[in-house]
**Q** 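I have a structure I would like to understand better, so I am pasting it below and will then ask my questions one at a time.
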Amino acid sequence: MKPINVGLLGIGTVGGGTFAVLKRNQEEIARRAGRGIVINIIADRDIEKARKIAGEDTLITSDANDVVTHPDVSIVVELIGGYTTAKELTLKAIENGKHVVTANKALLALHGTEIFAAAQRKGVMVAFEAAVAGGIPIIKALREGLTANRIEWIAGIINGTSNFILSEMRNKGLGFDAVLKQAQKLGYAEADPAFDIGGIDAAHKITIMAAIAFGIPMQFDKVYTEGIAKLTGEDIRYAEELGYRIKLLGITKRTPKGIELRVHPTLIPSQRLIANVEGVMNAIVVKGDAVGPTLYYGAGAGAEPTASSVVADLVDVTRMHTADPKNRVPHLAFQPDLLSDIPILPMEEVETSYYLRLRVMDKPGVLADISRILADLDISIGAMVQKEPNQGEDQVDIIILTHLTVEKNINSAIIKIEDLPAVIGRVTRIRLEELSSNH
Ligand code: NDP
Ligand code: HSE
């Protein structure tokens with residue numbers, strides 16, 4: 001059988017990795033797919049760079065429209081990133097009857113509903129394994145492997161750049177900016193690294209996973225998002241002393257009141273496997289009602305790990321493109337006319353535990369005042385530690401861990417605690433999740 005032709009948009013970090021993996025493993029891949037998979041045209045702004053990577057046998061153009069309209073191309077791989085041009089090109093490829101493979105989580109989190117509807121009308125597939133957690137086949141696991149389950153919750157380290165920064169800061173004592181530069185050099189960071197540090201990239205990914213896990217539309221605008229920029233070395237150290245690690249987690253949870261959808265730095269018990277995930281590695285815990293908790297681990301970014309997922313999608317599309325569209329796995333795991341309108345919970349209604357750090361005057365009655373505020377708001381204290389004051393100082397740090405409470409109660413408590421005359425400055429609040437199997 002003749003090979004299937006692929007058009008590649010963008011031969012940067014992931015595009016270059018995809019080209020290399022397809023070429024290196026072409027025989028093995030063809031044996032799996034049932035025919036060869038060949039990139040026959042590439043669009044990139046930098047033709048010289050593209051030529052250097054792809055050699056002389058591949059058509060190279062600077063006009064991406066040449067790829068999405070090319071009559072010989074069956075699958076378009078979108079690896080340019082962003083959501084303006086990428087959206088136009090993706091929709092144009094679909095209109096031209098091409099299947100699409102993309103690693104672009106921003107595009108899908110924001111415009112997935114429109115893109116999947118267009119693909120549905122046209123009877124083509126949009127595959128996006130690489131869009132969440134780089135090389136980990138989490139989309140396949142959620143959409144197919146766990147299909148018997150009612151998913152209860154997902155919690156994941158899903159931004160390699162942030163995890164790399166937190167790990168390097170903790171293990172090597174390196175500064176934030178130096179580590180970020182290293183992540184950019186290694187090709188992990190987004191074009192705008194504020195997406196990584198600010199939690200936006202993780203918010204894109206948790207939006208996609210929530211849609212597939214619960215059969216709901218993509219609702220990126222409803223994700224509560226907080227990044228790692230405000231984390232301090234002392235919070236990382238205090239957390240360790242109490243038996244916790246701080247990780248940037250994407251969390252989505254089904255509750256009787258609605259679905260939680262949030263990204264924020266989180267204390268997790270250091271004995272959990274996920275707490276020990278370091279560097280650019282990602283890990284995702286998925287709790288299903290039948291299977292219980294399951295853990296998926298692997299490289300969350302980088303050229304070839306991400307290419308591994310892109311190529312897996314190419315093989316899937318090659319195997320399935322002649323199948324009746326009704327018999328393919330639905331884009332969001334659930335049949336498109338059977339999506340649920342279960343609401344996303346506002347952050348104020350979310351229930352979790354908290355780490356609070358505050359600086360107070362070292363004098364009698366302060367702890368009693370703080371305890372009273374918490375008790376009045378029905379917040380139960382799990383642990384309270386008063387650090388030794390530095391020599392000659394009359395101020396001390398107090399660390400409080402709470403049991404489960406509703407976010408709006410902790411917000412009220414923080415306002416009242418900050419109003420106490422003996423409390424100096426602002427209260428630092430970091431959410432805490434036990435991630436236990438019976439949670
Ligand atoms: P890069 O910036 O390394 O590569 C993008 C390439 O596309 C560049 O060569 C760029 O050229 C080119 N390009 C951009 N716009 C156009 C256009 N309009 N026409 C032609 N070429 C264009 O990005 P990555 O490979 O890192 O990321 C690609 C996608 O994969 C993104 O959506 C990203 O979020 C996602 N992703 C990335 C991962 C990673 O580890 N890097 C992991 C998982 C997903 P120029 O440089 O001149 O702008
Ligand atoms: N910038 C992303 C990260 C790339 O660091 O995880 C993978 O999606």
**Q** May I ask you to decide if the ring planes of Tyr188 and Phe164 are parallel, tilted or perpendicular, using 30° and 60° as cut-offs?
**A**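 Perpendicular.
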
**Q** Salt bridge or not between Glu260 and Arg254? Use side-chain N to carboxylate O under 4.0 Å.
**A**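 Arg254 and Glu260: not salt-bridged.
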
**Q** Taking NZ, NE, NH1 and NH2 as the nitrogens, is one of them in Arg431 or Glu407 under 4.0 Å from a carboxylate oxygen of the other?
**A**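 The answer is yes: the pair qualifies as a salt bridge.
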
**Q** Surrounding CD of Glu241 (heavy atoms of other residues, nucleotides or ligands, distance under 6.0 Å), is the total greater than 12?
**A**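 Yes, CD of Glu241 has more than 12 neighbouring heavy atoms, counting only those of other groups under 6.0 Å.
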
**Q** More than 12 foreign heavy atoms under 6.0 Å from CZ of Arg319: is that the case here?
**A**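 Yes, the 6.0 Å shell around CZ holds more than 12 heavy atoms from other groups.
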
**Q** Is it true that Glu234 and Lys387 make a salt bridge, defined as a side-chain N closer than 4.0 Å to a carboxylate O?
**A**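 Between Lys387 and Glu234 there is no salt bridge, as every charged N stays at least 4.0 Å from the carboxylate O atoms.
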
**Q** Think Arg245 forms a cation-pi with Tyr355, using NZ or CZ under 6.0 Å from the six-ring centre and within 45 degrees of its axis?
**A**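 Verdict for Tyr355: no cation-pi partner in Arg245.
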
**Q** Is the shortest side-chain N to carboxylate O distance from Lys253 to Glu152 below 4.0 Å?
**A**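 Between Glu152 and Lys253 there is no salt bridge, as every charged N stays at least 4.0 Å from the carboxylate O atoms.
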
**Q** So, for Phe195 and His204, is the gap between ring centers shorter than 6.0 Å?
**A**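 So the answer is yes for these two rings.
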
**Q** Between the side chains of Glu240 and Tyr238, does any donor sit under 3.5 Å from an acceptor?
**A**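 No, no side-chain donor-acceptor contact under 3.5 Å.
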
**Q** Under a 3.5 Å cutoff, is there a donor and acceptor pairing between the side chains of Ser309 and Glu129?
**A**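 Per modelled atom types, Ser309 and Glu129 side chains form no pair under 3.5 Å.
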
**Q** Can you confirm if the aromatic rings of Tyr83 and Phe220 lie within a centre distance of less than 6.0 Å?
**A**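 Ring centres of Tyr83 and Phe220 not closer than 6.0 Å.
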
